[in-house]
Number of protein chains: 2
Amino acid sequence: MSDRLDWNDLRERRMTEPGAAETYEATRIAFELGQEVRHLREGHDWSQSQLARAAGMTQSAVARFEAGRTVPTLPVLERLARALDRRLDVRFASNVDAA
Amino acid sequence: MSDRLDWNDLRERRMTEPGAAETYEATRIAFELGQEVRHLREGHDWSQSQLARAAGMTQSAVARFEAGRTVPTLPVLERLARALDRRLDVRFASNVDAA
DNA sequence: CCAACCCATAGCATCGATGCTATGAGGTGG
DNA sequence: CCACCTCATAGCATCGATGCTATGGGTTGG
């Protein structure tokens with residue numbers, strides 16, 4: 001557990017850069033998606049290598065993504081969703097209603 | 001209308017490239033998001049230039065995005081969502097239930 | 001002790017999205 | 001005819017995500 005980044009670590013990193021305010025939310029989304037993929041993967045009892053193979057990427061790429069160290073692209077998210085038997089859903093939701 | 005790309009044009013373009021099957025869905029999502037932003041923008045009675053200013057980008061970037069000529073990144077989607085008073089929602093949905 | 005996994009991370013090349021400027025075609029109103 | 005706006009697109013520089021290989025530390029099981 002101690003070697004896993006948490007959200008505060010990430011926020012600290014990204015917010016040191018200028019113009020980071022705009023990407024703040026994207027960074028948060030990336031972090032949450034990484035968490036979710038990790039949970040889904042563990043739910044399948046898969047190692048990062050197994051997921052990587054299923055999603056057409058390498059173990060290092062999976063690790064980097066799960067750790068939230070980059071903001072993933074839609075193609076990557078799509079491939080991960082497929083591998084995990086999910087559907088990638090991206091939309092502009094109303095600002096008011098529930099999460 | 002005649003100068004606007006439709007989905008079949010885009011699909012034709014992208015599918016000519018090798019390895020495009022994986023990015024197919026991402027391309028479709030990009031196309032739909034472009035459409036949606038265009039509708040939202042027109043709902044606000046904004047020109048591409050006005051939206052661009054509100055989202056911290058240029059008119060050409062908005063045009064490129066609305067036309068679905070690139071697969072947008074999460075930071076860009078986030079900025080557009082903010083400008084259009086929406087919340088960007090990205091998630092791994094169950095494969096079975098409704099859209 | 002060692003082999004075989006797990007995961008995190010570094011370093012690098014490549015690819016593609018973005019930012020930007022500039023242009024052109026089209027419409028509109030003077 | 002012209003000024004002004006709309007949007008589409010080209011060309012280029014830059015930045016960052018991804019793909020890849022290679023480590024290294026940790027754990028487990030022999």
Side-chain angles (χ1 to χ4, degrees), chain A residues 1-6 9-10 13-14 16-20 22-24 26-27 29-31 33-35 37-39 41-42 44-80 83 90, chain B residues 1-6 9-10 13-14 16-20 22-24 26-27 29-31 33-35 37-39 41-42 44-80 83 90:
Chain A
M1 184 67 97
S2 63
D3 59 345
R4 281 187 191 170
L5 293 173
D6 67 9
D9 292 333
L10 265 186
R13 281 194 195 178
R14 303 291 171 84
T16 57
E17 296 147 20
E22 293 83 13
T23 7
Y24 182 96
T27 304
I29 290 174
F31 180 75
L33 287 172
Q35 299 277 10
V37 162
R38 186 180 298 246
H39 289 144
R41 175 176 65 80
E42 290 169 345
H44 284 242
D45 264 313
W46 279 356
S47 67
Q48 289 182 342
S49 299
Q50 288 173 300
L51 173 57
R53 208 173 320 122
M57 47 205 294
T58 58
Q59 177 264 328
S60 70
V62 171
R64 186 167 45 192
F65 167 72
E66 284 188 1
R69 302 180 73 254
T70 60
V71 176
T73 59
L74 292 187
V76 164
L77 291 175
E78 176 63 35
R79 283 186 289 163
L80 287 169
V90 185
Chain B
M1 182 66 99
S2 63
D3 59 343
R4 280 188 191 168
L5 293 173
D6 66 8
D9 291 334
L10 264 186
R13 281 194 195 177
R14 303 292 170 84
T16 59
E17 296 148 21
E22 293 82 13
T23 7
Y24 182 95
T27 303
I29 291 174
F31 179 76
L33 288 173
Q35 298 277 10
V37 162
R38 187 181 298 248
H39 290 144
R41 175 175 64 80
E42 290 170 345
H44 284 242
D45 263 312
W46 280 355
S47 67
Q48 289 181 344
S49 298
Q50 287 173 301
L51 173 57
R53 207 173 321 123
M57 48 204 294
T58 58
Q59 176 264 329
S60 70
V62 172
R64 187 166 46 192
F65 166 73
E66 284 189 0
R69 301 180 73 254
T70 60
V71 176
T73 59
L74 292 188
V76 164
L77 291 175
E78 175 63 34
R79 283 186 289 161
L80 287 169
V90 184

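The chains referred to below are lettered A, B, ... by the order of the sequence lines, with proteins before strands, and numbering in each begins at 1.
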A correct 5'-to-3' footprint of nucleotides 18-26 of chain C, with B, S and - meaning base, sugar-phosphate only and no protein heavy atom under 4.0 Å, is BBBB-----
Across all chains, not counting sequence neighbours, the ring-ring contact (aromatic ring centres under 6.0 Å, His included) partners of A:His44 are A:Trp46
For the side chain of A:Gln50 and the backbone of A:Ser47, is there at least one donor-acceptor N/O pair under 3.5 Å apart? yes
When rounded to whole Å, the CD to P distance for the pair A:Glu78 and D:dA17 reads 20 Å
Sequence neighbours excluded and cut-off under 3.5 Å, please list the side-chain donor-acceptor pairs for residues 54-68 of chain A, or say none.
from, atom 1, to, atom 2, distance (Å)
A:Thr58, OG1, A:Ser60, OG, 3.2
A:Gln59, NE2, A:Gln48, OE1, 2.9
A:Glu66, OE1, A:Arg38, NE, 3.4
A:Glu66, OE1, A:Arg41, NH2, 3.1
A:Glu66, OE1, A:Gln48, NE2, 3.3
A:Glu66, OE2, A:Arg41, NE, 2.6

B:Gln35 CD to D:dC7 P, in whole Å, measures 15 Å
When rounded to whole Å, the CZ to P distance for the pair A:Arg69 and C:dC7 reads 16 Å
Rounding to 0.5 Å, atoms CG (A:Leu51) and CZ (A:Arg79) come to a distance of 11.0 Å
When you measure from the side-chain N and O atoms of A:Gln48 to the phosphate of C:dA8, is any distance below 4.0 Å, counting only OP1 and OP2? yes
If you apply the rule side chain to side chain contact (heavy atoms under 4.5 Å, CB included), what do you find for B:Val71 with A:Thr73, and how did you get there? CA-CA 8 Å; B:Val71 176; A:Thr73 59; over 6 Å; no
Atom CZ of A:Arg38 and atom C1' of C:dC6 are separated, to the nearest Å, by 12 Å
Rounded to whole Å, the CG-C1' distance (B:Leu51 to D:dT6) equals 14 Å
Tightest non-hydrogen contact, residues A:Pro72 and A:Leu77, listed as CG-CD2, 3.8 Å
